[in-house]
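Quick note: numbers below take in every heavy atom, side chains included, and nothing from hydrogens, waters or symmetry partners. It should be emphasised that the depicted structure is a prediction, and the values quoted were computed from it without experimental measurement. Count residues from 1 along the sequence.
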Amino acid sequence: PGFDQVDGFVETWYDQSGNGNNAVQATAANQPKIVSAGTLLNELDFDGTEDIALATGSFSLTQAYTTFSVSHTDDASTAQGVWSTASSITGAFNAVSLFRNDDGFAVNSGTTITTAGTIDYVADRTYLQTNVVNGASSSIFVDGATGVTGNAGSTNPSGILILGFYRAGGGNQNLDGGIKELIIYDSDQTSTRSALETNIAAEYGITLS
């Protein structure tokens, strides 16, 4: 018997919070993959070219906010978005979490902070990135370790939530890699961060630092 070579693509990634922020991509050519050659990937797999997923309706956060993402990149040489917010898919980001081409994890909510030189990333390794964004008192943690603290800006994310993509300077920065989990809190979760990271790491087999 022949091996099932069917690929499967995601039109809707359902929001488990009950807030209805389902990530929808109706255009077939732009849909991330979840099954490759008949194998379930257990992630949204983006091709680095045109795959993006959008949250429907309006989306906004007020600082302080906290995000936990489980993701990887297949290409460590270019800047690639994990998630971003913008007024539209063709609009420049107003907030973004990304793999930067300086080998650092980064978040920008008006100003960029990056872990480059403290915690660098490599291709094809899954990471848990935690962003606590609170203006000048912002931090990025990677696999539980402090990567950087500093000023990530005072912009409040708004518009639509975009997975696997951000737009800056007229150019698109598509993720070539995968997203397994994205959890967003409209609050500062510093006091519960370690416990949440322990639970997320156990789910995805990530070793915390």
Side-chain angles (χ1 to χ4, degrees), residues 15-17 19 21 23 52-55 57-73 79-88 91-121 127-169 173 175 177 179-201 206 208-209:
D15 177 10
Q16 302 299 307
S17 71
N19 293 319
N21 290 313
I52 51 176
L54 310 180
S58 61
F59 183 88
S60 64
L61 296 172
T62 302
Q63 293 197 29
Y65 65 89
T66 307
T67 66
F68 301 85
S69 61
V70 179
S71 64
H72 76 273
T73 176
Q80 301 175 40
V82 177
W83 63 263
S84 63
T85 57
S87 60
S88 69
F93 74 87
N94 52 57
V96 62
S97 178
L98 67 148
F99 292 99
R100 249 171 72 122
N101 56 356
D102 60 5
D103 298 326
F105 303 84
V107 65
N108 180 312
S109 207
T111 303
T112 298
I113 57 173
T114 174
T115 68
T118 302
I119 298 178
D120 299 331
Y121 67 85
Y127 295 94
L128 167 57
Q129 178 181 347
T130 304
N131 301 324
V132 180
V133 181
N134 190 15
S137 300
S138 301
S139 299
I140 299 174
F141 304 88
V142 180
D143 295 345
T146 303
V148 64
T149 59
N151 186 3
S154 58
T155 301
N156 292 320
S158 63
I160 59 174
L161 175 67
I162 308 169
L163 306 183
F165 171 91
Y166 76 99
R167 184 174 178 84
Q173 307 294 332
L175 178 64
I179 301 174
K180 296 180 181 292
E181 184 82 79
L182 176 62
I183 303 172
I184 300 175
Y185 288 91
D186 194 4
S187 58
D188 186 332
Q189 291 294 312
T190 298
S191 62
T192 60
R193 177 185 62 83
S194 293
L196 290 166
E197 288 173 338
T198 296
N199 289 339
I200 296 168
I206 295 169
L208 295 178
S209 301

| field | Derivation of the side chain to side chain contact (heavy atoms under 4.5 Å, CB included) call for Asp188 and Val132 | value | CA-CA 6 Å; Asp188 186 332; Val132 180; 3.6 Å; yes
| message | For Thr67 and Asn131, which I'm curious about, is there any donor-acceptor pair between the side chains at under 3.5 Å? | response | yes
| said: If we count only N and O atoms by modelled type, under 3.5 Å, do the side chains of Asn156 and Thr62 hold a donor and an acceptor together? | reply: no
Working to the nearest 0.5 angstrom, can you tell me the gap between [X] [atom1] and [Y] [atom2]?
| X | Y | atom1 | atom2 | answer |
| --- | --- | --- | --- | --- |
| His72 | Leu175 | NE2 | CG | 7.5 Å |
| Arg167 | Ile162 | CZ | CD1 | 10.0 Å |
| Gln80 | Phe165 | CD | CZ | 12.5 Å |
| Ser97 | Leu182 | OG | CG | 8.5 Å |
| Thr130 | Leu196 | OG1 | CG | 8.5 Å |
| Thr114 | Asn108 | OG1 | CG | 11.0 Å |

| field | Ser109 side-chain N/O to Thr155 backbone N/O, donor-acceptor pair under 3.5 Å | value | yes
| Does the Asp120 side chain pair with the main chain of Gly104, one donor and one acceptor, at a distance under 3.5 Å? | no
Measure the shortest side-chain to side-chain distance between [X] and [Y] over non-hydrogen atoms and say whether it is less than 4.5 angstrom.
| X | Y | value |
| --- | --- | --- |
| Val142 | Thr118 | no |
| Ile140 | Val107 | yes |
| Thr66 | Arg193 | no |
| Glu197 | Phe68 | yes |

Do you know the tightest heavy-atom contact between [X] and [Y]?
| X | Y | value |
| --- | --- | --- |
| Pro157 | Asn94 | CA-OD1, 3.4 Å |
| Ala86 | Gly91 | CB-O, 3.6 Å |
| Arg100 | Tyr121 | O-OH, 2.5 Å |
| Ala23 | Leu163 | CB-CD1, 3.7 Å |
| Gln63 | Gly135 | OE1-N, 2.6 Å |
| Thr112 | Ala106 | CG2-CB, 4.1 Å |

| request: Give the intermediate values and the outcome of side chain to side chain contact (heavy atoms under 4.5 Å, CB included) for residues Val82 and Leu98. | output: CA-CA 5 Å; Val82 177; Leu98 67 148; 5.6 Å; no
| request: Kindly state whether the ring of Tyr65 and the ring of Tyr185 have centres lying under 6.0 angstrom apart. | output: no
| Matching residue for Phe59 among Ile184, Asn19, Ile160 - test: side-chain contact (heavy atoms from CB on, under 4.5 Å) | Ile184
| message | Determine whether Leu161 and Asn21 satisfy the following criterion, side chain to side chain contact (heavy atoms under 4.5 Å, CB included), listing intermediate values before the conclusion. | response | CA-CA 8 Å; Leu161 175 67; Asn21 290 313; 5.7 Å; no
| task | Dump the intermediate steps for side chain to side chain contact (heavy atoms under 4.5 Å, CB included) on Ser71 and Trp83, then the final yes or no. | result | CA-CA 10 Å; Ser71 64; Trp83 63 263; over 6 Å; no
